[in-house]
Number of protein chains: 2
Amino acid sequence: MEHLLDKPTQLAMIQPVTDAIYAINGKWKLPILICLSFEKMRFGQIANDIPNITDRMLSKELRELEANRLVKRTIFDSGPVKIEYSLTDHGRSLHDVIIALHNWGVEHRKVIFKH
Amino acid sequence: MEHLLDKPTQLAMIQPVTDAIYAINGKWKLPILICLSFEKMRFGQIANDIPNITDRMLSKELRELEANRLVKRTIFDSGPVKIEYSLTDHGRSLHDVIIALHNWGVEHRKVIFKH
DNA sequence: CCGCATCCTTATAGATACTG
DNA sequence: CAGTATCTATAAGGATGCGG
C-alpha cells in the first residue's frame, strides 16, 4: 500500500472500510462470529464459549448482526421451542477479514509486549 | 474457516482478533491510518483529508496510535517547528487488514442496499 | 497553523432482577 | 432456555476556546 495508490483512490477506500468497521464494531461481534463460524449454535452455547459476555449484550449483538445480515436466527418449534443461530453466506464472507485481523493481532501482541 | 479448525483452535483465535480490534477501534483510527499509508503528513493535512473530524479527536487518536506503535511523530524544530506523522513498520503491516476490510466493506454495502 | 484543555452530551457496556 | 427491563457506570465523541 505504500505509494501504490494515488490519493483519490486512497481516500475512496475510507468509506468501505468505515462501513466494514461499523458492521463488526463493539466488543463482542467478532467473538460471536468466530464462534458461529464453527457451527450453528444456541444462545446458551455461545454464552458459554465467550467468557464474561452478559445475556443482555449477547442478545443485543445478535440482533445487530441479524440486522446486518451476518447471522440468521432459526426457530424450530417442533415440541420444545429451539432457536439456532448460524452464519449467513454474507457472514461467512468475513472469513478473510477475521484471518487478517488474527494474523495481525498475533504480531501486534509481540510488538506491544516485547518492550 | 468452515469446519477447518477445531473448537479450541477457534476459541484461541478470539484473543488476537480482540487485540487487533482494540488497536484500531474508534471512529477515526482506520481513516487516519489510510491517510498516512500514502505519505507522511502534518496535522492539518490529515484534518483536511478526513471530513468532520475535530482537532480534539484527531489529536487524541494520533496519541493512541502512537502509544500502540502504529504511528510515529517526528518533530523538526529547524526554524519554525514542524511536526510530521508517519506510519511505523508495524503500522504499515496493517495493510492486509485494511485491504480485507475494504474488500468486504464493498460487498457489504451491496448486500445492505440491494435489500 | 498546530494542538491541547475544559466542559458537555450521547453511546456503549455492565449488574441485577425478572418473565414466558 | 432464551431472552427482556431497568438502572447505573464508563467510554466515546463533539463544541468551544486558548496558547505557542
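First the proteins, then the strands, lettered A, B, ... as listed; each starts at 1.
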Can you measure [X] atom [atom1] to [N] atom [atom2] for me and round it to whole angstrom units?
X	N	atom1	atom2	answer
B/I75	C/dC2	CD1	P	14 Å
A/L58	D/dA2	CG	P	10 Å
A/M57	D/dG3	CE	P	15 Å
A/N25	D/dA11	CG	P	17 Å
A/K60	D/dA2	NZ	P	20 Å
B/E61	D/dG14	CD	C1'	13 Å
A/I32	C/dA13	CD1	P	11 Å
A/W28	C/dA13	CH2	P	9 Å

When you check the phosphate oxygens OP1 and OP2 of [N], does a side-chain N or O of [X] lie under 4.0 Å from one of them?
X	N	answer
A/R63	D/dG3	no
A/Y85	D/dG3	yes
A/T54	C/dG14	no
B/R42	C/dC1	no

TODO: Check B/L87, B/L36, B/T88 against B/K72 for a side-chain contact (heavy atoms from CB on, under 4.5 Å) and give me the one that passes.
DONE: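 So the option named by the test is B/T88.
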TODO: Going by the side-chain contact (heavy atoms from CB on, under 4.5 Å) test, name the single residue among A/L101, A/L30, A/I98, A/V106 that passes it with B/M13.
DONE: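 By the side-chain contact (heavy atoms from CB on, under 4.5 Å) criterion, B/M13 pairs with just one of A/L101, A/L30, A/I98, A/V106: A/I98.
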Open item on the list: As a test of reading the structure: which of C/dA5, D/dG3, C/dA15 is closest to the side chain of B/R56, going by heavy atoms?
Closed with: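 Nearest to the side chain of B/R56 among the choices is C/dA5.
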Task: B/K27, nearest nucleotide to its side chain (from D/dG13, C/dG14, D/dG3) - done: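 Nearest to the side-chain atoms of B/K27, counting from C-beta on, is D/dG13.
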Open item on the list: By nearest heavy atom, map B/E64 and B/D55 onto DNA chain D; which one lands nearer the 5' end?
Closed with: B/E64
Open item on the list: Let me spell it out: for each of A/Q45 and B/I53, pick the nucleotide of DNA chain D with the closest heavy atom. Which residue's pick is nearer the 5' end?
Closed with: A/Q45
Open item on the list: Angle between ring planes, B/H90 versus A/W104, binned at 30° and 60°: parallel, tilted or perpendicular?
Closed with: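 The arrangement is parallel - the two ring planes meet at less than 30°.
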Task: Rounded distance (nearest 0.5 Å) linking atom CZ of A/R42 with atom CG of A/N48 - done: 12.0 Å
Task: Contact check, side chains of B/L62 and B/R73, non-hydrogen atoms, under 4.5 Å - done: no
